Asker: 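Here it is: the structure, laid out below.
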2 protein chains.
Amino acid sequence: MSLLVVGTVAFDSIETPHGSVERILGGSAMFSSMAASFFTKPRLVGVVGEDFPDFHREAMQERGIDLAGLQTEKGGKTFYWKGRYHENMNSRETMEVHLNVLATFDPVLPASFRDSTHIFLANSSPAVQLKVLDQVHKPQLVLADTMDFWITSTHDDLMKLLPRVDGLLLNDSEASLLTGETHMMKAGRKIQDMGPKFVIVKRGEHGAMLISGDGVFVIPAWPTEPVVDPTGAGDSFAGGVLGHLIAHPEGPKHGRLRRAMVYGTVIASMCVEDFGPNRLRKTDRKEIDERVQKYRAMLDF
Amino acid sequence: MSLLVVGTVAFDSIETPHGSVERILGGSAMFSSMAASFFTKPRLVGVVGEDFPDFHREAMQERGIDLAGLQTEKGGKTFYWKGRYHENMNSRETMEVHLNVLATFDPVLPASFRDSTHIFLANSSPAVQLKVLDQVHKPQLVLADTMDFWITSTHDDLMKLLPRVDGLLLNDSEASLLTGETHMMKAGRKIQDMGPKFVIVKRGEHGAMLISGDGVFVIPAWPTEPVVDPTGAGDSFAGGVLGHLIAHPEGPKHGRLRRAMVYGTVIASMCVEDFGPNRLRKTDRKEIDERVQKYRAMLDF
């Protein structure tokens, strides 16, 4: 069993009420791989420019991430995002985006990655996500993330992607945009009609909801305090879910996915406690397990 | 053990995307008493006008509510509220309010009510809430609801009330307004410093959070579908909590309050499935217990 993660690797500059950082390691593939690395050795597919420093590569390799699929574009510059979070951390403002090497990213999987069993298609165009799927031999479980921009601008491509994924990950407002339904149970079922067997609705500080053939599962967020930097929360959630699924193949699928979502939630709660991947670089499986125990106690009645 | 509920009894006219109703039975004391009536015989204190019909009285008496404290003001008109809910049911617009007899409401407890052990002070001015407390001999547990208007307009009175209540019930934005904190854990602890031993933060479709000496308890909402009319959700939650606490005095207080909040959540989820108290009038303890079982399964991992 092996996890393939496709997405961005980036430089992030971030301002929050807790401070600011310049050009730190970011990106959806980075966050989800970091999160998954507590359970498995994720295979990362992405692109960076020649300006991408070795110490960022090493930070990922230290966590066991396989970078054989991280292309370096000669003369290119790494994807750069600059954003600011406001007081309540629920809204963010993009101040600068330079796609750079991402603008022409054509994901090519190394031969050694094509037998991956679990695939996380982090947020990118459905066309790119489809191109990745075409290169995988026989995936057992494909989870895709998407966002409002792809739903409106590349709707046809998205409709081609959805029958090929097992699970779709998106937030409340995106689920409403995709289905025209404001009620998440209804929206979830409409998305299931488009192909995915399950839908995970991300609700930020309110946790997440799983809609599947087994009904609905609702999972609140850990009340992290303070939230220093929300960047990467959704991706580290997804990476934690898939990593845990790979590491714990026993038991009914139903129960496994729920349990995996608890781990994803806990890892995401750690991610937001410091800027970028700083907190995830400092934790370990033991601390994660301990927070899962506390989380369980918090929900017990 | 006996529950005293003080609040409004009203005529509500309500428009939602699911339809509209004119002058149906409403009010915070009515909803919370209805919800508590599955566990105990609540004592209601409130005021109506001479226009208040017998069949509304009977609807409450049918559920075992003691109306000895429901004053009828001669020549007066019952409090009237007209409101409209928008598509997502999270925002509502007040179209008309006629305080009528509520404007001069001076709560006087019947002698038979003064030995009540559990008190729910539904949303009203802290001065009125204090006046009620002064008339109760020796309450064991006092839960008060409040709102933004009292927090800003009658802050001093509220500060006098808070040391006299065990629990405060309010929503996210009201907790932030009262404390200047956007993070609910911090806000909760600041409110505890003002007097209450526990704080319940209502989060609408996202459930509720209990902050107490025992730490934090997070409880998601039941994903009711469709939500026909959200009116009374918070009050039926509170009534369910207090009713269940009275009926189940066994076990540690910590666990009892959590369990009671589950019942409050489930009863509130039923309340919103029809206009006004219509759904609560049709259910029974058996159906409530069944939904609690389903709720437990929904959260299991």
Side-chain angles (χ1 to χ4, degrees), chain A residues 17-18 85-90 172-173 176 180-189 201 203-211 214-228 244 251 254-266 292 294-301, chain B residues 17-18 85-90 172-173 176 180-189 201 203-211 214-228 244 251 254-266 292 294-301:
Chain A
H18 294 275
Y85 291 87
H86 300 287
E87 188 54 53
N88 71 8
M89 295 287 189
N90 290 325
D172 304 60
S173 62
S176 295
E181 295 287 349
T182 55
H183 196 287
M184 286 305 111
M185 298 277 286
K186 272 190 197 164
R189 282 198 293 264
V201 180
R203 309 166 113 185
E205 60 169 327
H206 297 297
M209 186 186 253
L210 166 70
I211 296 134
D214 304 300
V216 63
F217 173 55
V218 174
I219 180 171
W222 173 264
T224 295
E225 179 195 3
V227 174
V228 171
H244 193 270
H254 167 69
R256 284 198 295 130
L257 190 50
R258 288 180 167 210
R259 188 72 55 92
M261 283 176 66
V262 171
Y263 275 82
T265 295
V266 161
V292 166
K294 287 181 196 159
Y295 179 82
R296 189 179 278 282
M298 180 184 84
L299 299 182
D300 185 52
F301 60 86
Chain B
H18 294 275
Y85 292 87
H86 300 287
E87 188 53 52
N88 71 7
M89 296 285 189
N90 291 325
D172 303 61
S173 63
S176 295
E181 296 286 350
T182 54
H183 196 285
M184 286 305 111
M185 298 278 285
K186 273 191 197 164
R189 283 197 291 264
V201 180
R203 310 167 112 184
E205 59 168 329
H206 298 297
M209 186 186 254
L210 167 69
I211 296 134
D214 304 300
V216 63
F217 173 54
V218 174
I219 180 169
W222 173 264
T224 295
E225 179 195 4
V227 174
V228 171
H244 193 270
H254 166 70
R256 283 198 297 130
L257 191 48
R258 288 181 169 212
R259 188 70 57 90
M261 284 175 66
V262 170
Y263 274 83
T265 295
V266 159
V292 167
K294 286 180 196 160
Y295 179 82
R296 190 179 276 283
M298 182 185 82
L299 298 182
D300 184 53
F301 59 86

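Protein chains get the first letters and strands the later ones, always in sequence-line order, with residue 1 at the start of each. Everything numeric here is computed off the predicted structure, so don't read it as measured data.
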Asker: Is it the backbone or the side chain of Ala297(B) that comes under 4.5 Å from a heavy atom of chain A, or both, or neither?
Answerer: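 Answer is backbone: N, CA, C or O of Ala297(B) sit under 4.5 Å from chain A.
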Asker: Between Met298(B) and Pro223(B), what is the shortest heavy-atom contact and its length?
Answerer: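 Scanning both residues, the minimum pair turns out to be SD-CD, 3.4 Å.
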Asker: Are the side chain of His183(A) and the backbone of Thr224(B) linked by a donor-acceptor contact shorter than 3.5 Å?
Answerer: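 Judged by distance alone, yes, a pair lies under 3.5 Å.
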Asker: Considering only heavy atoms, which portion of Val262(A) lies under 4.5 Å from any heavy atom of chain B: side chain, backbone, both, or neither?
Answerer: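 Contact with chain B is through the side chain of Val262(A) alone.
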Asker: Against chain B, label Leu299(A) side chain, backbone, both or neither, depending on which of its atoms sit under 4.5 Å from a heavy atom there.
Answerer: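 It is both, since atoms from each part get that close.
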Asker: Highest number of heavy-atom pairs under 4.5 Å with chain A: which of Arg189(B), Met184(B), Glu205(B)?
Answerer: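 Top count of heavy-atom pairs under 4.5 Å with chain A: Arg189(B).
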Asker: Please classify the contact between Ser176(A) and chain B as side chain, backbone, both or neither, with a heavy-atom cut-off of under 4.5 Å.
Answerer: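 Contact with chain B is absent: no heavy atom of Ser176(A) under 4.5 Å.
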Asker: Out of Leu210(B), Val227(B), Val218(B), which one racks up the most heavy-atom pairs below 4.5 Å with chain A?
Answerer: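 Greatest number of close heavy-atom pairs with chain A: Val218(B).
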Asker: Could you tell me whether a side-chain N or O of Arg203(B) sits under 3.5 Å from a main-chain N or O of Met209(B), the two making a donor and an acceptor?
Answerer: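 Flag not set: sc Arg203(B) to bb Met209(B) has no pair under 3.5 Å.
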Asker: To the nearest 0.5 Å, what is the distance between CZ (Phe301(A)) and CD1 (Ile219(B))?
Answerer: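 CD1 of Ile219(B) is found 6.5 Å from CZ of Phe301(A).
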Asker: Which one wins on heavy-atom pair count under 4.5 Å against chain A: Met185(B), Lys186(B), Glu225(B)?
Answerer: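 If we count pairs closer than 4.5 Å to chain A, Glu225(B) comes out on top.
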Asker: Could you pull out the closest heavy-atom pair between Val216(A) and Ile211(A), with the gap in Å?
Answerer: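 Looking at all heavy atoms of both residues, the shortest contact is CG2-CG1, 4.3 Å.
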Asker: Heavy-atom distances under 4.5 Å only: say whether Met261(A) touches chain B with side chain, backbone, both or neither.
Answerer: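 For Met261(A), there is no contact with chain B at all, as no heavy atom is under 4.5 Å.
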Asker: At a 4.5 Å cut-off on heavy atoms, which part of Arg296(A) comes close to chain B: side chain, backbone, both, or neither?
Answerer: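 When you check distances to chain B, atoms from both the backbone and side chain of Arg296(A) fall under 4.5 Å.
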Asker: Which word best sums up how the rings of Trp222(A) and Tyr295(A) line up, parallel for under 30°, tilted for 30 to 60°, or perpendicular for over 60°?
Answerer: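 It falls in the tilted class, 30° to 60°.
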